[in-house]
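Written out below as structure tokens is the structure these notes cover.
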Amino acid sequence: MLNVEELGARIIISFGNGSVYLTESTLWGTIVAAFLAAAGIIMGSRLEKVPQTRRQLLAEFIVEKLYSYGQSNLGKAADVYMPFLGTMFLYLLCGSALGVLGVRPVTADVNVTFSLSILSFLLIQGSSIHVLGIRGKVEHMCRPYPFMFPLNLIEQVTLPVSLAFRLFGNIFGGLVVVELWYVFMEWLSSFFGTVPFFRAVLVLPVNAFFDMFEPAIQTYIFVTLTMVFLARETAADE
């Protein structure tokens, strides 16, 4: 049976009286970030104008696909924002797919998803003020009528909340479904013997969906929504 008290991220190390601690989300999130940084340094070193290695071909393929993805939502502005958004995309994808390795996904922790959504919010608002100016930003929020300002303000303030809970809810929900499926398979196997063979076989499709397909979909939704709001909030009034 599932222990409800253990659904949150486990504490790996605690210091002092326990008020300072390191959770598995922080640990694995740092490992994912370090892995992506190292991969970026390795794949981005000793580049040639004409690719001569598979490493450079792979690097150019990833960058080309990310920029193409960004241009479909941001247009020419993708050249400015995709270094950040592309990094966020890769971090979300890797951090959400850790279940493939038998590790709790970092995005199954609401603290992580809120941190990422706040970064998206700051990017959107900061870019909007930079492009439109403070006066232009206020006028933009009054479109199409001045009385829409409070509604637009509420929409923008609630954006990071909706982004965070959408990502957290789907990844954490998948984690719970997989654990419940494990328990069900063990219970079903007990009718045929002591070896939980159903868990070893019938759980694979569930793992494939929630540990591979679902992380890719949620990463795409999170970054796409960020780009859509970014494009909208930096668009000059016509």
Side-chain angles (χ1 to χ4, degrees), residues 7-9 25-26 29 33 65-97 105-177 210 213-238:
L7 291 180
S25 296
T26 304
K65 290 301 180 182
L66 286 174
Y67 271 76
S68 176
Y69 167 47
Q71 288 167 358
S72 65
N73 292 282
L74 295 172
K76 295 181 179 180
D79 294 340
V80 176
Y81 297 110
M82 281 316 294
F84 173 81
L85 293 174
T87 302
M88 177 178 282
F89 185 96
L90 295 175
Y91 180 83
L92 278 171
L93 183 61
C94 293
S96 300
V106 297
T107 48
D109 187 335
V110 71
N111 298 292
V112 175
T113 59
F114 258 100
S115 298
L116 294 169
S117 66
I118 289 173
L119 286 177
S120 293
F121 175 78
L122 293 176
L123 173 68
I124 293 169
Q125 300 307 320
S127 298
S128 181
I129 293 174
H130 176 74
V131 173
L132 303 178
I134 296 179
R135 180 177 178 179
K137 171 67 174 176
V138 174
E139 292 176 350
H140 185 82
M141 293 178 64
C142 290
R143 290 196 306 172
Y145 305 104
F147 66 81
M148 293 294 293
F149 180 85
L151 298 178
N152 288 329
L153 180 62
I154 293 173
E155 180 188 27
Q156 294 189 23
V157 171
T158 57
L159 173 63
V161 179
S162 64
L163 284 176
F165 277 119
R166 179 184 289 107
L167 179 59
F168 164 73
N170 282 280
I171 300 301
F172 181 74
L175 181 67
V176 173
V177 168
F210 288 107
F213 182 73
E214 182 72 6
I217 292 297
Q218 295 308 317
T219 296
Y220 177 81
I221 292 174
F222 187 99
V223 178
T224 299
L225 286 176
T226 297
M227 289 193 291
V228 168
F229 276 91
L230 179 60
R232 191 188 73 174
E233 294 304 316
T234 55
D237 296 338
E238 297 180 356

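We count residues from 1, following the sequence as given.
- For the atom pair CD1 of Ile129 and CD of Glu233, the computed distance is 10.5 Å after rounding to the nearest 0.5 Å.
- Applying the salt bridge (Lys or Arg N to Asp or Glu O under 4.0 Å) criterion to Glu214, with sequence neighbours excluded, gives no partner residue.
- The number of heavy atoms from other shown groups lying within 6.0 Å of CZ (Phe84) is above 12.
- Leu167 has its side chain within reach of Leu92: a pair of non-hydrogen atoms, C-beta onward, lies under 4.5 Å apart.
- Identified under the salt bridge (Lys or Arg N to Asp or Glu O under 4.0 Å) test for residues 118-136, with sequence neighbours left out: Arg135-Glu139.
- What you find for Val106 and Gly29 is that their closest heavy atoms are CG1-N, 3.4 Å.
- Considering only heavy atoms from C-beta on, Thr234 stays 4.5 Å or farther from Leu132 through its side chain.
- For the atom pair CZ of Arg143 and CG of Asn152, the computed distance is 9.0 Å after rounding to the nearest 0.5 Å.
- Separation of atoms OG1 (Thr113) and CD1 (Ile171) is listed at 10.0 Å; rounding is to 0.5 Å.
- Heavy-atom minimum distance, Ala78 versus Pro83: O-CD, 4.3 Å.
- Residues Asp79 and Gln71 meet the side-chain proximity criterion, which asks for heavy atoms closer than 4.5 Å.
- Inter-residue side-chain proximity for Met227 and Tyr81 is flagged as unmet; no heavy-atom pair is nearer than 4.5 Å.
- Under the 4.5 Å side-chain criterion, counting only non-hydrogen atoms from C-beta, Val112 is not in contact with Phe168.
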Task: side-chain contact (heavy atoms from CB on, under 4.5 Å) between Leu123 and Leu85, worked out - done: CA-CA 10 Å; Leu123 173 68; Leu85 293 174; 3.9 Å; yes
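- Sequence neighbours left out, not one pair with a member in residues 109-130 passes salt bridge (Lys or Arg N to Asp or Glu O under 4.0 Å).
- Within the structure, side chain to side chain donor-acceptor pair (under 3.5 Å) pairs that include any residue of residues 85-96 comprise Ser96-Thr107 (at least two apart or interchain).
- When atom types are taken as modelled, the side chain of Ser115 and the backbone of Asn111 share a donor-acceptor pair closer than 3.5 angstrom.
- Counting heavy atoms from C-beta on, the side chains of Ser127 and Leu230 come closer than 4.5 Å.
- Applying the side chain to side chain contact (heavy atoms under 4.5 Å, CB included) criterion to Leu225, with sequence neighbours excluded, gives Leu163, Arg166, Ile221.
- Among all heavy-atom pairs drawn from Pro105 and Leu175, the shortest one is CD-CD1, 4.2 Å.
- If you take CG on Leu151 and SG on Cys142, they are separated by 11.0 Å, rounding to the nearest 0.5 Å.
- Between Leu153 and Met141, the shortest heavy-atom contact is CA-CE, 3.6 Å.
- Under the 3.5 Å distance criterion, the side-chain polar atoms of Tyr69 are left unmatched by any main-chain donor or acceptor of Met82.
- The CZ atom of Phe222 sits 5.5 Å away from atom CG of Leu116, with the distance rounded to the nearest 0.5 Å.
- Here ring-ring contact (aromatic ring centres under 6.0 Å, His included) pairs that include residues 142-165, with residues two or more places apart or in two chains, are Phe114-Phe165, Tyr145-Phe147.
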